[in-house]
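It should be emphasised that the depicted structure is a prediction, and the values quoted were computed from it without experimental measurement. Keep in mind that the numbers below use all heavy atoms, side chains included, and drop hydrogens, waters and symmetry copies.
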Amino acid sequence: MNLKGLRKRFWIAGGCIIALVIVIFSYVKSEAKPEPVTNQNGFTNISNKYRNKEDVFKKEYQEQVHKNIEQMKEKYNYSIQHPLLIINPYSTITNGVYVYFKSDDSVSVEYTMSADGYADYTQKIYSGETSGVSTEHESTLIGAIHGKQNTLTLTSYDKEGNVVETSSFSFKAPATVGKADQHPTEVKNGESTKGLTNGLFCTSSQGNEFVGMYDNDGVLRGELLAISYPARRIIEKDGYLYMCVSTQKMIRMDRTGYIDKVYQIDSKYKLHHDYIFGKKNDILILGTRVDYDSASDLILRLDIDTGKIVQVIDFRNLLPNYYKMTKISNNADQNDWLHFNSLVWTDDGKLLASSRETSTVICLKDIYKDKVSISYMIGSDQFWKGTGYEKLVYKKQGDFSAQGGQHGLIYSRDDSLKKGQYFLTMFNNNNTFATTRTDYDWFKDSNYSGTGASTINPVEFSYYYRYLVDTNKKTFSLVESIPIAYSPYVSNVQNFDNGNRLIESGANAMVEEVDEKGVLIRSIKFYCTAEYTMLYRVFKYDFNGFWFEK
């Protein structure tokens, strides 16, 4: 056989071998990871039924669901055309849609939730990469309309922003856990033409079993399930959300809705209102000891790794003389002599705690040392006269009424301030009322004017307050005040980077977003349960870097 014939046979044989390899590879690949079996709309059903809400927040329940999903991820080839889609697999986000798939190239992924009668809701899924693109895509998608037929559209983009692929899936979202869908919000526009801050208004009220997540049009876009005490705030760290779901339980949840840590607070304590990250991989929690005769006067330290309460700050040890001056109010089980409701750090490592009952902000130092002490207090010097702590109270400078029953502390600084100065923002309930100090006549205190007294003597307004605090001169002065409908209890405020402010009047179940001049952009009145008509708090979170791409 000549050389030319040999070459021909060689190429033919080689081609056959290559073809055989391709066939074998394709067979093995399809055998190892066939296309997923889903219902006609492309969704996968899993067994995640629970007997009661408490089961959802048990480690065993969460781990079993997580194991099932991980097995499905390994078993099939998921692409944008055939993704793994599961409605609320972990039972934590009632209308959330879990999605998982891979792409051959690094892409970013955008999704849109559409439903008749509602504006489209569009977000870009957080990639987990600084480049904003990835080959693996996994998250829970927020935004479906509860109880309605929704269409989910997925779109992938290359690094240059060009559309690569798109796919759509239809599904009916579950009904709400609560009854918010039966009672639409009331939305009113103000005179300001400035745009609203991006984000979701997250509502929390006692008596409800969920945190509601509302868009800027007041449309409910999601619920976070709770047992009995929905999150008083949501804090995020290293790709996890931390929040309370009852007075004795906190959770850590990832962006899929999977709870990988359940923190059971020691049974002798219960959480009260607020918590923030500490400085030593811990969470500081306002709390009550259930077997004490006093209430709402502790700061607990929860170790994030071990879940143990590692230290307690007991204010009866810090203010013993004042504690002896107070009396338990009628029909109360414990003496709520301070009623702390908010915590915030200062830049110099001190901790500010808001005491509603005394209308005072108390500054603590050395909280991680054995001997914690009070650095100073911001409130009425007349109220504290004769207690033995009057020297700790900063002097009010200016003609204004001091805060009464404040909530929602915010600490901030800017380049206009000198060393030792800072801004302290709060919701001033404008409520001078203390059930444990009935001997004190607030209306004779010259630090106050035009204040209410609980619901017995209501006034027209509560306020967004911003103080300038000078730790060198030991003074505080009012630099900004914005009125809102009177709320003697609960409520909060929030500042945004664009200059907008959120002011929530809890007693009226209403939130306002105002511009940098305090002019109303939009107000939203929310639905509350018949059992508890007040909203405790409303915070607006953009969830960028968690669910959504920044």
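No donor-acceptor pair under 3.5 Å is formed between the side chain of E512 and the backbone N or O of E504. Not a single donor-acceptor pair under 3.5 Å links the side chain of S246 to the backbone N or O of A226. The backbone N or O of V187 lies less than 3.5 Å from no partner atom in the side chain of T185, so there is not a single donor-acceptor pair. Between the side chain of S487 and the backbone N or O of S505 there is no donor-acceptor pair closer than 3.5 Å. Judged by distance alone, with hydrogens and angles left aside, the side-chain atoms of T451 form no donor-acceptor pair with the main-chain N or O of N431 at under 3.5 Å. Here the side chain of Q123 pairs no donor or acceptor atom with the backbone of Y111 at under 3.5 angstrom. Side-chain N or O atoms of N430 include one that pairs as donor or acceptor with a backbone N or O of F461 at under 3.5 Å. At least one donor-acceptor pair closer than 3.5 Å links the side chain of H407 to the backbone N or O of V490. Judged by distance alone, with hydrogens and angles left aside, the side-chain atoms of Q248 form no donor-acceptor pair with the main-chain N or O of L271 at under 3.5 Å. A donor-acceptor contact shorter than 3.5 Å is absent between the side chain of T436 and the backbone of K327.
The aromatic ring centroids of F201 and F539 lie 6.0 Å or more from each other. Taking the ring centroids of H273 and Y536, they lie under the 6.0 Å cut-off. Checked against the 6.0 Å centroid criterion, the rings of W442 and Y448 qualify as a close aromatic pair. Annotation: H339 is in aromatic contact with H272 [ring centroid separation under 6.0 Å]. Between F383 and Y440, the gap from one ring centroid to the other is short of 6.0 Å. Y322 has its ring centre less than 6.0 Å from the ring centre of W384.
Annotation: side-chain hydrogen bond (donor to acceptor under 3.5 Å, both in side chains) contacts of S139 (sequence neighbours excluded): none. With sequence neighbours excluded, the residues satisfying side-chain contact (heavy atoms from CB on, under 4.5 Å) with V290 are K270. By the salt bridge (charged side-chain N to carboxylate O under 4.0 Å, His left out) test, K517 pairs with no residue at all, sequence neighbours left out. Listed by chain and residue number, T197, Q494, N498, N500, L502, E513, K540 satisfy the side-chain contact (heavy atoms from CB on, under 4.5 Å) test with F496 (two or more places apart in sequence, or in another chain). The salt bridge (charged side-chain N to carboxylate O under 4.0 Å, His left out) check on D120 picks up nothing, with sequence neighbours excluded. Applying the salt bridge (charged side-chain N to carboxylate O under 4.0 Å, His left out) criterion to K194, with sequence neighbours excluded, gives E516. The side-chain contact (heavy atoms from CB on, under 4.5 Å) check on I410 picks up T425, V493, N495, with sequence neighbours excluded. Every residue two or more places apart in sequence or in another chain that forms a side-chain hydrogen bond (donor to acceptor under 3.5 Å, both in side chains) with Q406 is listed here: S354.
Side-chain contact of S446 with Q382: a donor-acceptor pair under 3.5 Å is present, judged by distance alone. Under the 3.5 Å distance criterion, with hydrogens and angles disregarded, a donor-acceptor pair is assigned to the side chains of T326 and N335. When only modelled atom types and interatomic distance are considered, Y229 and S204 share no side-chain donor-acceptor pair under 3.5 Å.
With respect to K148 and D116, no salt bridge is recorded, no charged nitrogen being found less than 4.0 Å from a carboxylate O. Ionic pairing of R221 and D215 is present here: one or more N-O contacts between side-chain nitrogen and carboxylate oxygen are shorter than 4.0 angstrom. The pair E209-K53 counts as a salt bridge, with a side-chain nitrogen and a carboxylate oxygen less than 4.0 angstrom apart.
Seen from the ring of Y422, R413 does not count as a face-on cation partner, given the 6.0 Å and 45° thresholds. Within the cation-pi definition used here (under 6.0 Å to the ring centroid, within 45° of the axis), R301 does not qualify as a partner of Y368. At least one cation-pi condition fails for K237 and Y242: the charged atom is not both under 6.0 angstrom from the six-membered ring centre and inside a 45 degree cone around its axis. A cation-pi geometry, defined here as NZ or CZ lying under 6.0 Å from the six-membered ring centre and within 45° of its normal, does not hold between K350 and W345. A cation-pi arrangement is present between R316 and Y292, with the terminal nitrogen or guanidinium carbon under 6.0 Å from the aromatic centre and inside a 45° cone about the axis.
Within the structure, the salt bridge (charged side-chain N to carboxylate O under 4.0 Å, His left out) test picks out the following pairs touching residues 459-480 (sequence neighbours left out): R466-E480, E480-R501. Among residues at least two apart or in separate chains, ring-ring contact (aromatic ring centres under 6.0 Å, His included) pairs with a member in residues 466-486 are F400-Y467, Y465-Y467, Y467-F476. Contacts classified as side chain to side chain donor-acceptor pair (under 3.5 Å) and involving residues 391-400 (residues at least two apart or in different chains) are given here: D381-K395.
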Problem - Worked check of side chain to side chain contact (heavy atoms under 4.5 Å, CB included) between I367 and I313 - result: CA-CA 8 Å; I367 73 157; I313 298 174; 3.9 Å; yes

Handout entry: side chain to side chain contact (heavy atoms under 4.5 Å, CB included) evaluation trace for S296 with F340
Key = CA-CA 6 Å; S296 310; F340 284 112; 5.6 Å; no

Handout entry: Derivation of the side chain to side chain contact (heavy atoms under 4.5 Å, CB included) call for L392 and E390
Key = CA-CA 5 Å; L392 295 172; E390 45 271 274; over 6 Å; no

Handout entry: salt bridge (Lys or Arg N to Asp or Glu O under 4.0 Å) evaluation trace for R537 with D274
Key = CA-CA 10 Å; R537 279 180 176 166; D274 205 11; 3.1 Å; yes

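Interatomic distance, M243 CE to R233 CZ, rounded to the nearest 0.5 Å: 13.0 Å. Rounding to the nearest 0.5 Å gives a distance of 7.5 Å between SG of C363 and CD1 of I378.
Closest of all the heavy-atom pairs between S462 and N429 is OG-O, 2.8 Å. Scanning all heavy atoms of the two residues, the minimum distance from C202 to I234 falls at SG-CD1, 4.4 Å.
Looking at I285 and I265, their side chains come closer than 4.5 Å, going by heavy atoms from C-beta outward.
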Under 3.5 Å donor-acceptor pairs involving side-chain atoms of residues 519-526, not counting sequence neighbours:
residue, atom, partner, partner atom, Å
R522, NE, N189, OD1, 2.7
R522, NH1, N216, O, 2.8
R522, NH1, D217, OD1, 3.2
R522, NH2, N189, OD1, 3.2
K525, NZ, N508, O, 2.5

